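Protein chains get the first letters and strands the later ones, always in sequence-line order, with residue 1 at the start of each. All values derive from a computational prediction rather than experimental measurement.
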Amino acid sequence: MANLNIDSAKDRTFDAIVIGSGISGGWAAKELTDKGLKVLMLERGRDVKHIKDYPTTNLYPWEFKHRGEVPMDIQEANPIVNRCYAFKEDAMHFFVKDHDHPYVQEKPFDWIRGYQVGGKSLLWARQTQRWSDFDFEGPARDGFAVDWPIRYKDIAPWYSHVEKFAGISGNRDGLAELPDGEFLPAFPLNAVEDYFSKHVKAHYKNRYVISARCAHLSKPNQIHLDQGRAQCQERTLCQRGCPFGGYFSSNASTIPWALKSGNLTLRPFSVVESIIYDDNKNRATGVRIVDTNTKQTEEYYSKIIFVNAAAINTNLILLNSKSKRFPNGLGNDSGVLGKYVAFHNYSAHIGADVEGFEEWATDGRNPAGGGYIPRFRNIFKQETDFLRGYASGLYGYRGYNHKWEGVGEDFKAGLSKKEYGPWRIGSHFMGETIPKETNFVTLDPNLKDQWGVPQLRISVDYDDNDMKMQKDYVEQLTEMFTSAGFKNIKAETNHQAPGLDIHEMGGVRMGNDPKTSMLNKWNQLHACNNVFVTDGACMTSTSCQNPSLTYMAITARAVDHAVSEGKKGNV
Amino acid sequence: MDRRTALKNLALVIGSAALLPRCTEHNPVTHFKNFDVTNDQQSLVADMAETIIPKTGTPGAKDLMLDQFVWLMLDDCTKKDDQKTFFKGMGEFNDLTKKTYNKSFADLDKKQKEDLLNTFEKKSNGYSKELNGFFSTVKGLTVFGYTESKYFMTKEIVYELIPGRYNAWLPVKNNIAAKNG
């Protein structure tokens, strides 16, 4: 039982509680503390202090016992997380192992998680594109999900707000479908990417290849130096944590900023079991946590609560927050909670040989990863037999040409040659998926995790629309590569489970109508307006742009509303 | 000493004993986590690695202890089934050497060792899956260990932990980076 001693309760009372310290939780804490609120940030995992807790960050490849490979016993014990591209010897300590937090897969779902201060913001791929009204108006135009309660104009100033602080590199490309932002200089396209960009522009209407926009300090401004961050050094070892703070993470940016204000209390090792709802006051009054070290339950109280536990865990917390008023989960009058979960379809890629361009190579490493092809399907009107569209990654590369055949002196000498081989080009598919009632998460009635919290059952799958879109990506990219003169083009599709894209969204969606959505246009629960959900769970649809930048902007916007309405006594 | 400490110390003793060669009559055995390896087997892998990456004016496989890396990776990072296949292939490799030269690999001269290993580079060599797999595992791990060794990454193709630049347009002439590029 929680200790309800009155003095102690006072110590455990804050102006606001933020659940989760990942990319959106970090922003909630920063914005709330900037506005003078006393904030408690709860993180289920351990603390990871910037630089100090990046144990592998300065290791050379030969300093890893297995040169980066994950030992087989760890691979075999962790089939789910082992499928993640970044689960390697240098960063595996930042991933949740399969047995740490089990869940029931009604359908295959690779739930990739990072339980530590900073969450997955340490590990993300750092691609940051704004959404446009072609995204926010999508559900209404194409007749799926529910209408977004916001439009681009509502969020545009908040994109600017977070971009300036986080530091986003990119070009002002002037595309309606991918609005420009507050950019630091872009990382340039290389010779082959640039050729392809020009070719596509000349031969296709409304198709573009641009420098990928990413959260790297290509040229820091004062605001970034003030955070203690420095210019990106092009290490591209980001998943280890960056000692320069060259890319944006909660650990390097928002959390130390919020701590510096003196207004933030950070409590790691705190699994949120539920949000406490007071049936008399008709509001949420705090949260109940399990201390993961002591396994003891404790309660913390506040006027407002931001839920930023990462999409699926945010669903779990709300589903598990049952009261007389909300027997089916907090704010769940509509029965929508946990439903309309969606993700990004990453099930295809394509590669080809490139002839020519012998007079160029690259030197150093590109933190942006190369180019980006914004969505070009069904933007201005519906034009295919599937809904929505896809973005594509695009990268040209040229390495040294090392002969693999043979043994002995010549073979050995050959490995040291710095003679460039031919160029290659590659692309990967990033498709929007349609949120559906049949893609959902629920609580298992019996199974519990090691903290006594019910396990989740996850039931999420692809549909026909996804398969048609995948086929179109393969056809269109093959045609574009052929048209550009690339050779030996090989497209591959895979059957990777949803979740491995690590872009799971929804379940607590925004909408205008409380009967069909959980959150209003300010990310407040319709039925409990001092609880805000601003992580991936709030997303009404998924677009095909990487979602993190939008979580940041939505969070800053919601905090601004929470604080200004709080002052008026409306929250 | 409490029971837990005693057990821990006992485990340490057993653990270090496991790393020491234990003498059988002629062919001492080293215990790895997942398999035992005889001295002859260790010598074979070391000789193969040295044939693949020989000592020249620069260090070779034995200098860089690449054979130890092969065993480490086989022990730690390889599926049990693939470990079994490796040893089966190794047996076949010894048979092949005997059949071809009527000698063991260790007794071949340098040219013979290279010739034998080069037969594996031919696609239709008629060898079994296990035999080809054994060679490609030894070669793959030897080359991986070599190109990821401190020596190689500091003296041959220098690895930069902190490039501090991305030059998207590096001028190249005759496939070599042009000077002042």
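Residue-environment remark: CE (B/Met153) exceeds the threshold of 12 foreign heavy atoms within 6.0 Å. For B/Lys129, the NZ atom is loosely surrounded, since the number of other residues' heavy atoms within 6.0 Å does not exceed 12. Residue-environment remark: CG (B/Asn102) stays at or below the threshold of 12 foreign heavy atoms within 6.0 Å.
Checking each of A/Arg398, A/Lys418, A/Lys417 against B/Asn175 for a side chain to side chain donor-acceptor pair (under 3.5 Å) leaves exactly one that passes, namely A/Arg398.
The two atoms that bring A/Leu415 and B/Phe152 nearest to each other are O-CZ, 3.3 Å, heavy atoms only. When all heavy atoms are compared, the tightest approach of B/Trp169 to A/Asp194 is CZ2-CB, 3.6 Å.
Side-chain atoms of A/Trp404 and B/Lys139, non-hydrogen and from C-beta on, do get closer than 4.5 Å to each other. Between A/Asn190 and B/Tyr166, some side-chain heavy-atom pair lies under the 4.5 Å cut-off. Two residues are said to be in side-chain contact when any heavy atoms from C-beta on lie closer than 4.5 Å; B/Leu170 and A/Tyr420 meet this criterion. You'll find the side chain of A/Arg235 reaches within 4.5 Å of the side chain of B/Pro163, heavy atoms only.
If you measure heavy-atom distances from B/Glu121 to chain A, the contacts under 4.5 Å come from the side chain alone. For B/Lys79, the parts sitting under 4.5 Å from any heavy atom of chain A are the backbone and the side chain alike. Of the atoms belonging to A/Ile74, not a single heavy atom falls under 4.5 Å from chain B. Contact annotation for B/Lys113: neither backbone nor side-chain heavy atoms come within less than 4.5 Å of a heavy atom of chain A. Only the side chain of A/Leu237 comes within less than 4.5 Å of a heavy atom of chain B; its backbone N, CA, C and O stay farther away.
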Could you check A/His402 against B/Val143 for side chain to side chain contact (heavy atoms under 4.5 Å, CB included), going step by step and ending with a plain yes or no?
CA-CA 12 Å; A/His402 292 142; B/Val143 175; over 6 Å; no

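Interface residues of residues 210-219 of chain A toward chain B, defined by a heavy-atom distance below 4.5 Å: none. Contact annotation for residues 58-72 of chain A against chain B (heavy-atom separation below 4.5 Å, listed by residue number): A/Asn58, A/Leu59, A/Tyr60, A/Pro61, A/Trp62, A/Lys65, A/His66, A/Arg67, A/Glu69, A/Val70, A/Pro71, A/Met72.
Across B/Thr51, B/Ile157, B/Ile176, the residue that shares the most heavy-atom pairs under 4.5 angstrom with chain A is B/Ile157. Counting heavy-atom pairs closer than 4.5 Å to chain B, the top residue among A/Glu419, A/Arg365, A/Glu405 is A/Arg365. When each of B/Asp75, B/Asn174, B/Leu72, B/Asn34 is checked for heavy-atom pairs under 4.5 Å with chain A, B/Leu72 comes out on top.
With values rounded to the nearest 0.5 angstrom, A/Trp360 atom CH2 is found 8.5 Å from B/Asn167 atom CG.
The list of side-chain hydrogen bond (donor to acceptor under 3.5 Å, both in side chains) pairs with a residue in residues 142-153 of chain B, not counting sequence neighbours, reads B/Tyr151-B/Glu156.
Partners of B/Arg165 by side-chain hydrogen bond (donor to acceptor under 3.5 Å, both in side chains), not counting sequence neighbours, listed by chain and number: A/Asp363, B/Glu160.
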